[in-house]
Structure formats: C-alpha cells, structure tokens
Amino acid sequence: MRRLKKRFQFLNAARGERISGRFFVLQRVRVEQEDFGVGFTVTKRMGNSAERNRIKRRLRAAVMACKGCFADRHDYVLIGKREVLNAPFAELVQRLGSTLQRMERRPPPADRPASPNS
RNA sequence: CCAGUUGACCGGGUGGCCGCUCCCGUUCAGGGAUUUUCCCUGAAGGGGGGAGGAAAGUCCGGGCUCCACGGAAACACGGUGCCGGAUAACGUCCGGCGGGGGCGACCCCAGGGAAAGUGCCACAGAAAGCAGACUACCUCCUGCGGCUUUUUUGAAGCGGCAGGGGGAAAAGGUGAAAGGGUGCGGUAAGAGCGCACCGCGGUGCUGGCAACAGGACCGGCAUGGUAAACCCCACCGGGAGCAAGACCAAAUAGGGAUGACGCGGGGGCAACCCCGGCCUUGUUUUCGGGCCAGUCAUCCGGGUUGGUUGCACGAGGCGUCAGAGCAAUCUGCGUCCCAGAUGAAUGGUCACCACGCAGCGGGAGACCGCUGCCCUACAGAACCCGGCUUACAGGUCAACUGGCCUG
C-alpha cells in the first residue's frame, strides 16, 4: 500500500469515480502501478488542527482494518467529514467496507486516460 | 470548620492487538570500488527516543541568514515614559516611591510635561474658561398701599409690592468639574478681609543613590479638566524573513560579472579643464565609493520542479547542591542528552481501573452498592530562545488573612 503525498496525485484522483457518504467522500482512479494507493483530505472547515489530525488518524486506522477490500492498480482518496470524530469505530469500518464493495460492483467507467503518478 | 488572598504544580493510568517516524547494532540481497577493510541503497528482525502549559494568537525582544561596503547632519515615521536594579535584549521581571480600592492577607494604575502654543468640554445649568449673576442677601433713592406710637394736620418707626443705582460672590439649584477647604472672628450683607489647621506656590534645611518623605520660613491664593486630542521633552529603532540562505540534479528563455580594446557632452595638438546622469536599503543634503557607448574572450547567476542542507549541545534541562543578594538574578560544582515531521510522524482500537456527572437502593450521617454517560477541558512542534496575551474539564500542595467553635 502506498501513501499519496503529491498534489497532482490528488488532482488526478478527483477526476475518477466518486461515492459520498455520511463520514467521507471516496474517490478512485486507475493508475499504472502494481499496488493501490490511499490519500486523505480534510479541509480547514472541518475543525482546528488537532481535530483534523484525529479525523485523518481514525480514517487511516479504518483503512488498515479493511485493507483487503481495495483493488490494485488504483488510487483512492478519502475526504473526511466532522462526523468521523464522534462515530463508533465499528460503524466507521463497516461503512468503509460497504462503500468499497459498492464501488467494486459498479460497471467500470469509460476508460479515461489517467496520467502515471511517479 | 467556613470564607478568602497569593504562589507553585499535575493535567488520566494499566494491559492486549494493529500501525507511523528518527537513531544504533545484527543478518540477508543488490550496486560501487582495489581482495579484506570501506561507501551507497533496500528488506527482515532486535533495542532505544518520540508534543504543550499554553506547542495557540503572532503582540514585543533577541540569536541566525540575506539585502554590492560605509561616515556625518537635518527631517519624517514608529515605539517607550515615576525611581533603582536584573538581563543578550525587551513594552518583561524584581525591589521601592506616589495615587486608588479592601476590615485584612492583598490587589489595581498608559504614573513625564496643562504658567510654549492650538483644540475640545455633550446634557443640565444664569454662567464651562472669562469672567459673569437666575433665585435669594444687604443698602440707598423714587412711586403706591398697610400697620403701630403720638394730641389732629404732621412726625417717627415697622413691614410689603414695583422700578432704578450700588455692594457682595457666602446660601439654593445644575453638573464629572463653578476661580482653594473647614472653623472662628469680622461685616449693612459678605469676601483670605484677618487668624488657626489643611491644601497650593516659592526658598533653603534634614534623610535617601534616586523617585520621594519630613519639618522650617515666606507668600494671602494667582494656575479647572483633557496629552489612549494635536503637541513639547527625554530615550530607543535600517529592511526583510528558514518559503531566510547554501548546494545538487533535470529541463528552459537570454540577464549579469571579470579582463582587454575602449568609454556621456563641450573645449584643447596634448597633458588636462569645464558641464552632466544613475546607484549607494525611510527621505533630503553632504563627504567618500561605484557605474555610464560598443566589440571580443572567459565565466556565472535568476525563475520552475524534485532532493540534500540550514536542523537541534542550546542565553539547554535537572539538583531537598554550595556561595552572593530582600528579590529578580548571578557565580561555581555535579549530572543528563531529552521530538525532528515536510499531504506533515509522535497514534488507532478493545477491556479494566481511577476521577467526575446523573439515576436507583440502603443508612441518622460520613458513606456504601448497582446502572448509564463523557471514557474527558483547551488544544498538535514546523529554525531556535526570553517574555506578554488569550483558551482550559477536573485536581493537588504550601504560606498568609478574616470569622466561628473547642482546649
């Protein structure tokens, strides 16, 4: 599993598939890589820096919990929301798993050329 | 025991599972090199370190870095403002002084100058800065009534109303503030008009490094407040900031530096002389310094992206340490190495415990048991220090003050 760190990687993922939920918005795009990558976005409107940090950490722990549901050769971006702070962790993991499965069952979109990310 | 003041401190704990970053060994793999030693990269496993009292706001002061190198004067702008000390420095801290508040412990103060000048002082009030007079006071004159005494005309006295002249600034009322305050004398009524005390001003004395305090003599009172209004005085201050700056690698448009020839305009055969323009980090002037057109040669920089460095041994932490000092603090000794991320690590989750809150039950009560909730407030290092300010659930300790009870 790779961690997304560059700005163009996030801009690239924003052009792909997208499912929004109560805790987060999930974006995915196909890339020319062997494994899959995950990045997190929490905007300043979600709280001060301590709360933004906690949102990212809980989302990261949830990603580790359902590591097997991610598809290789794709980049994922999770845009966190404030509700992540007070939600029970089990519910957070269950939501992430079901959202990933929904995205997997969807018909693949028209093949938009995605630029490589390295 | 209750209420309070000041100072210091803590700001969840234990265990299981999963995970991140940095450092140090071990093993393995790949590469470089000259065989080992050695260097670089990656992986596995082991050990160790890993957010705060405010890390925050970015409000002051510094270190550090760059701005092609300066000196002097004037002006502007910004800041500070009782005195002494501490400090690298400060608008910070400590100790005093003065003023104000509190029964007290103690707390608060943007605390230089208002007889250098300008401005402002709403509402109310007669009047708000320069003296003036609304009601009321005293006195005199004129007019009109009244009453008393006396023997009538008349005269004398008392008091009233209206108008006018003069005195006075004490009383009432307004206001944040009304041209010293209180008391006694004095007066037609009054007034620093006189006196005592207090205040104010001046002179010199004593104590103190000083701010200032104390008392003496003189003056008879003149000078309202406001300088977080302009201003005056004294002192301080160059600008930008780690996205500073340095290096490396890519890819790209053509700016600069050095050297040689040579070099703005005018005069002169020439040496040289006269007149210029631009830069010199707030502005202006001056002194000094540098530069001015073109050609050739050599070399470098700037912007963008990524990486390395700056980047953690420092005005460093700790010590029932010692010494100096009332204290802030300083000196000495010992000891320790204690975060270095960069889409940004230092955690996530589960269980239990402690703490807190709510409910129920038991108990005379302190309290005990059960269940549920938050499983904790404010808040996340970003080059580093010293402060200030602001936010903060809950809790601990010490000293002191006032009250109540007991001995």
Side-chain angles (χ1 to χ4, degrees):
Chain A
M1 186 179 97
R2 286 170 295 109
R3 186 74 190 275
L4 305 187
K5 289 188 173 184
K6 297 302 170 191
R7 177 173 166 78
F8 69 88
Q9 293 174 324
F10 285 84
L11 294 178
N12 191 35
R15 289 184 314 200
E17 306 168 66
R18 175 189 179 90
I19 291 181
S20 42
R22 197 154 68 85
F23 295 133
F24 49 81
V25 174
L26 181 66
Q27 295 173 334
R28 184 177 80 162
V29 74
R30 186 176 172 83
V31 292
E32 302 297 319
Q33 292 280 320
E34 287 297 315
D35 53 355
F36 65 93
V38 180
F40 304 93
T41 295
V42 180
T43 64
K44 281 195 175 173
R45 293 184 54 193
M46 296 304 135
N48 58 32
S49 58
E51 290 171 331
R52 292 201 302 273
N53 258 337
R54 207 173 315 126
I55 291 174
K56 280 190 195 176
R57 283 166 180 161
R58 297 197 80 191
L59 284 178
R60 199 172 62 204
V63 164
M64 291 306 293
C66 31
K67 203 189 302 184
C69 300
F70 288 88
D72 282 342
R73 301 175 188 277
H74 285 84
D75 276 356
Y76 294 83
V77 168
L78 282 162
I79 303 171
K81 295 188 179 177
R82 250 193 106 74
E83 285 71 19
V84 174
L85 288 177
N86 294 317
F89 188 69
E91 187 183 348
L92 194 60
V93 171
Q94 187 255 326
R95 285 273 186 154
L96 178 61
S98 64
T99 308
L100 284 168
Q101 286 171 13
R102 259 172 66 203
M103 186 167 269
E104 208 53 47
R105 285 197 303 269
R106 261 185 176 179
D111 212 8
R112 272 184 285 187
S115 55
N117 62 351
S118 61

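Numbers restart at 1 for each chain; the letters A, B, ... are given by sequence-line order, proteins then strands. Nothing here was measured: the structure is a model prediction, and the numbers come from that model.
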Could you go through the salt bridge (charged side-chain N to carboxylate O under 4.0 Å, His left out) check for A/Arg22 and A/Glu91 one step at a time? CA-CA 11 Å; A/Arg22 197 154 68 85; A/Glu91 187 183 348; 2.9 Å; yes
Please report the C-alpha distance between A/Glu83 and A/Arg95 in whole Å, then the side-chain angles of each, then the deciding distance to 0.1 Å, and finally whether the salt bridge (charged side-chain N to carboxylate O under 4.0 Å, His left out) criterion is met. CA-CA 13 Å; A/Glu83 285 71 19; A/Arg95 285 273 186 154; over 6 Å; no
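The CG-P distance, from A/Leu59 to B/A344, rounds to 13 Å in whole Å. Following rounding to the nearest Å, A/Arg3 (CZ) and B/A345 (P) show an atom-to-atom distance of 8 Å. Nucleotide B/G343 holds its P atom 18 Å from the CG atom of A/Leu78, rounded to whole Å. Rounding to whole angstrom units, NZ of residue A/Lys56 and P of B/G348 are separated by 15 Å. We find that CZ of A/Arg58 is positioned 19 Å from P of B/G380, with the value rounded to whole Å. When the P atom of B/G348 is taken as reference, atom CG of A/Asn86 falls 14 Å away, rounded to whole Å. The separation between A/Arg52 atom CZ and B/G347 atom C1' is 17 Å, rounded to whole Å. The distance from atom CZ of A/Phe89 to atom P of B/A351 is 13 Å, rounded to the nearest whole Å.
For B/G380, its base sits under 3.5 Å from the side chain of A/Arg57 at one donor and acceptor pair at least.
In a base pair of the Watson-Crick type (N1 to N3 plus N6-O4 or O6-N4) or a G-U wobble (N1-O2 and O6-N3), with each distance short of 3.5 Å, B/C193 is matched with B/G185. The partner of B/A54 cannot be assigned: no Watson-Crick or G-U wobble pair with both contacts below 3.5 Å exists in any strand. With both pairing distances under 3.5 Å, B/A260 is matched to B/U295 as a Watson-Crick or G-U wobble pair. Nucleotide B/G359 is matched to B/C370 when pairs are restricted to Watson-Crick or G-U wobble geometry with both distances under 3.5 angstrom. When Watson-Crick and G-U wobble pairs are counted only if both distances are under 3.5 Å, B/A89 pairs with no nucleotide at all. When Watson-Crick and G-U wobble pairs are counted only if both distances are under 3.5 Å, B/C209 pairs with no nucleotide at all. A 3.5 Å limit on both hydrogen-bonding distances identifies no Watson-Crick or G-U partner for B/A382. Across all strands shown, B/G84 pairs with B/C94; the Watson-Crick or G-U wobble distances both stay below 3.5 Å.
For A/Ala87 and A/Val77, each mapped to the nucleotide of RNA chain B holding its nearest heavy atom, the one lying further toward the 5' end belongs to A/Val77. Ranked by how close their nearest RNA chain B nucleotide is to the 5' end, A/Ser49 and A/Met64 are led by A/Met64.
At the heavy-atom level, A/Asn48 lies under 4.0 Å from the strands shown only through sugar-phosphate atoms.
Between A/Arg82 and A/Arg52, the closest side-chain pair of non-hydrogen atoms is not below 4.5 Å.
In this structure, A/Tyr76 and A/Phe70 have perpendicular ring planes: the angle between them is above 60°, well past the 30° mark.
Comparing the same atom, C1', in B/C2 and in B/G175 gives a spacing of 46 Å after rounding to whole Å.
Between A/Glu17 and A/Arg30, no side-chain nitrogen of the basic residue sits less than 4.0 Å from a carboxylate oxygen of the acidic one, so the salt-bridge criterion is not met.
Side-chain proximity of A/Arg60 to B/G343, B/U346, B/G380: nearest is B/U346.
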